[in-house]
Amino acid sequence: MAFIQFSKVSLSFGNRDILKDVSVNLATGTKAALTGANGAGKSTLIKIMAGLVEPDSGQRIAQKDARLAYLPQSGLVHSGSTLKEEADKAFLWGYDLQKKIDSLGEQMAQSPDNSRLAEEHSALLQKLEESGWYRREALAEQVLLGLGFSREDFGRQTQEFSGGWQMRIALAKCLMSGPDILLLDEPTNYLDIEARNWLEKFLSEFKGGFLLVSHDRYFLDHTINEVYELFGGDLKRYPGNFSHYEEVREVELNTLIAEYEKQQAEIQHLQEFINRFGAKATKAAQAQERQKMLDKLLEKEIVIPENLKKIHFSFPQAPHSGQLVLTLKGICKNYGAGDILHDLDLVVEKNERLVVCGRNGEGKSTLLRILCGEDKDFTGEIKTGSGVAIGYFSQDSAEKISGSQTILDYMESRCPLELIPKIRDMLGAFLFRGDDVYKSINVLSGGEKSRIALLELLLRPVNLLILDEPTNHLDMHSKDVLLDALKCFGGTVVFVSHDRGFIEDLSTKVLELKAGKYRLFPGDYKYYMERIEAEENGIEVNPQSPAPAGKTSAPEISQTPVSETKRSWEEQKKLEAQKRKAEKELEKIENQIMELEEKKSQLENQLASPEVYSNGEKAKAVQKEITQLSEEIDQLTQKWESLA
């Protein structure tokens with residue numbers, strides 16, 4: 001069993017203790033997560049484990065020949081070789097071992113009776129065989145494809161890849177290097193959901209040990225069996241998965257909060273006495289005694305971990321919109337030689353939570369830009385429903401954030417009046433805590449500006465949110481706050497995310513984009529994954545079959561019809577005629593619904609005017625007409641759903 005031990009490791013920056021007598025043992029079979037608030041020192045601890053940072057004190061003991069691989073959060077760049085050549089550098093240890101074997105072979109040729117050389121030669125040959133060295137090309141292909149590269153990428157120069165793909169190359173090399181211990185700092189940051197699923201499976205089957213930092217709860221729950229929390233320089237171990245750690249930590253936190261509130265009351269009482277009587281000669285001795293008591297309390301002042309504070313907020317009320325929010329017909333979008341979107345038909349209804357999924361480059365962000373009106377270079381038709389107000393967030397939103405205002409002033413100037421008292425808590429939920437709120441907008445990083453842009457969007461009164469990777473740059477607690485707010489949001493959400501837990505908790509419908517085609521799954525993401533798994537295992541599923549009992553999801557609707565070879569020409573012709581008739585009827589109903597919703601909206605505006613609401617008879621007549629229109633709209637919507 002390979003192992004690396006760290007005993008009583010300490011490190012300070014100025015007068016701040018980052019690590020205080022931290023001890024941890026990483027060995028074959030370790031499956032651990034490292035957690036803690038931003039700035040707690042997680043990355044520093046991992047760098048010490050990797051041998052990149054020297055601690056002030058403590059001991060590092062490693063088994064002889066134990067191999068360790070380390071992946072930082074960012075900053076790695078590769079150049080001067082093809083992707084396949086760069087991947088092969090992960091096996092340098094094998095080339096070195098082969099050189100030793102060859103050298104021993106030459107020595108044995110000169111000294112054929114030397115048993116020591118023969119034993120050493122045999123042991124190294126066995127080690128090389130067991131390491132998988134002779135299967136390295138197959139392993140490299142498996143890992144690169146699993147992390148989202150294509151075979152066409154293998155011959156590309158590494159410098160052609162963007163920053164996110166550079167980190168995928170680095171991750172691939174770590175996984176292929178045959179380490180005994182893996183240290184991974186935010187390995188999922190640059191991975192889409194397919195690559196995350198693959199990495200999850202890889203780590204679950206990994207024979208060595210690993211310690212990783214991640215803000216993806218689903219990923220952690222399916223890969224680790226113990227959690228180390230770094231807080232205030234101390235490291236504490238919690239057995240079990242991440243969700244179990246959170247449950248245990250919440251109980252601890254409730255106790256801590258009670259102690260904190262009791263201590264704060266005592267501090268306030270002492271401070272008030274000192275302020276009141278400190279200047280009086282008759283009370284000077286007592287005030288000094290109270291000051292000593294206060295100083296002792298402040299030395300042991302309890303601090304509540306920011307990442308465990310519960311913060312909740314809600315959106316401004318979503319304006320009323322029609323039942324049909326977006327209607328897309330025949331959407332095509334071309335990049336270069338082929339269509340990234342081809343003949344896409346889609347209807348988004350009120351209160352849906354539609355997730356758009358697919359590998360990188362399949363058109364997810366492109367579709368979202370089309371939906372919100374940012375991209376008009378496409379063919380086909382989009383109809384926006386009555387009263388729909390769109391809010392759009394993308395990673396480019398950060399570029400629009402600028403100015404010399406502080407974060408707090410910037411947000412208060414854009415926040416509805418009723419939410420201003422809560423804006424500090426909201427900023428805290430999005431990782432702007434304490435004095436951070438007084439930073440100038442101009443000095444913020446791209447990730448910080450993205451968080452500001454997202455929060456600013458969420459405070460606007462809209463009823464359709466189109467969100468492209470809203471969870472990037474958020475920690476786990478911030479994602480929980482966002483998720484709770486979106487689940488309570490009174491409008492419609494169309495989103496892209498690579499966080500599986502976030503998708504599973506939010507989505508009610510899945511749109512899959514793949515190779516220019518699309519499939520719509522009117523059910524949750526878990527059901528979608530079950531369907532995909534069934535397909536991969538060669539299990540035929542009738543597209544018209546209902547979801548299993550107990551599921552809230554519905555059957556898949558595919559763009560591609562059932563194979564024509566299974567039908568006669570007459571049957572196919574009949575089906576096509578029925579389809580055309582249904583499409584015409586659907587279009588007719590959609591137009592009727594839009595007309596009725598427009599009339600209803602006009603009547604609602606009339607009802608709000610003084611000449612109507614001040615006249616009882618008029619108001620009653622208008623309200624009656626609105627009720628009739630609502631009933632007609634409901635009947636038509638039911639008919640539309642049946643046809644669709």
Side-chain angles (χ1 to χ4, degrees), residues 16-24 32-42 45 213-221 224-272 293-294 296-314 419 421-437 471 474-488 499 501-502 504-506:
R16 183 189 169 206
D17 291 325
I18 303 296
L19 305 171
K20 296 185 293 189
D21 291 337
V22 166
S23 297
V24 61
L34 177 62
T35 189
N38 279 16
K42 302 186 295 293
L45 177 56
V213 176
S214 175
H215 292 314
D216 188 329
R217 182 183 287 105
Y218 182 95
F219 179 79
L220 291 175
D221 275 346
I224 59 103
N225 54 29
E226 59 180 329
V227 178
Y228 289 92
E229 185 194 56
L230 189 59
F231 172 61
D234 297 317
L235 190 71
K236 184 175 179 180
R237 178 182 177 273
Y238 295 82
N241 66 13
F242 197 85
S243 292
H244 180 261
Y245 148 75
E246 288 184 309
E247 291 171 6
V248 174
R249 197 66 176 100
E250 185 172 5
V251 174
E252 293 179 350
L253 183 61
N254 290 336
T255 303
L256 187 66
I257 288 173
E259 293 174 358
Y260 168 79
E261 290 174 348
K262 181 181 176 182
Q263 188 188 66
Q264 287 299 307
E266 193 172 351
I267 288 172
Q268 184 179 356
H269 178 72
L270 290 170
Q271 190 65 64
E272 285 174 355
M293 293 169 64
L294 179 60
K296 285 184 179 179
L297 270 179
L298 292 175
E299 285 176 7
K300 299 180 180 179
E301 186 175 8
I302 297 169
V303 180
I304 304 298
E306 289 286 352
N307 64 314
L308 293 175
K309 287 182 179 177
K310 298 299 179 185
I311 300 172
H312 301 279
F313 73 90
S314 57
L419 292 178
K422 300 178 182 178
I423 196 64
R424 288 291 294 264
D425 281 346
M426 294 178 184
L427 285 167
F430 281 71
L431 306 180
F432 297 104
R433 294 158 181 159
D435 291 340
D436 286 345
V437 299
T471 57
L474 297 181
D475 67 2
M476 200 175 296
H477 176 56
S478 302
K479 283 191 280 192
D480 288 344
V481 172
L482 175 63
L483 178 62
D484 287 344
L486 288 173
K487 287 166 80 171
C488 296
D499 187 305
F502 185 85
E504 285 197 353
D505 282 342
L506 184 61

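Just so it is clear, the model here is predicted, and its values are computed rather than measured.
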Nearest heavy atoms of [X] and [Y], plus distance in Å:
X	Y	answer
Asp221	Ser243	OD2-OG, 2.5 Å
Ser214	Asp216	OG-N, 3.1 Å
Lys479	Phe502	O-CE1, 4.2 Å
Leu34	Val213	O-CG2, 3.7 Å
Thr35	Tyr245	CG2-OH, 3.6 Å
Gly501	Tyr218	N-CB, 3.5 Å

Measuring from atom [atom1] of [X] to atom [atom2] of [Y], what distance do you get when rounded to the nearest 0.5 angstrom?
X	Y	atom1	atom2	answer
His477	Arg217	NE2	CZ	10.5 Å
Asp499	Thr471	CG	OG1	5.0 Å
Asp425	Leu419	CG	CG	11.5 Å
Glu261	Leu256	CD	CG	10.0 Å
Gln263	Lys300	CD	NZ	10.0 Å
Asp475	Phe430	CG	CZ	10.5 Å

Counting only heavy atoms not in Asp435, do more than 12 sit closer than 6.0 Å to its CG atom? no
Over 12 foreign heavy atoms within 6.0 Å of NZ, Lys262: no
Donor-acceptor contact present, side-chain His215 to main-chain Leu474, <3.5 Å: no
Please check if the side chain of Lys42 supplies one atom and the backbone of Leu230 the other of a donor-acceptor pair under 3.5 Å. no
Tell me, do [X] and [Y] make a side-chain contact under 4.5 Å, heavy atoms counted?
X	Y	answer
Leu294	Ile267	yes
Leu253	Ile257	yes
Glu252	Glu229	no
Leu45	Leu235	yes

Does the pair Glu299/Lys296 count as a salt bridge with the N-to-O cut at 4.0 Å? no
Check whether the side chains of Gln268 and Glu272 place a donor and an acceptor atom closer than 3.5 Å, and report yes or no. yes
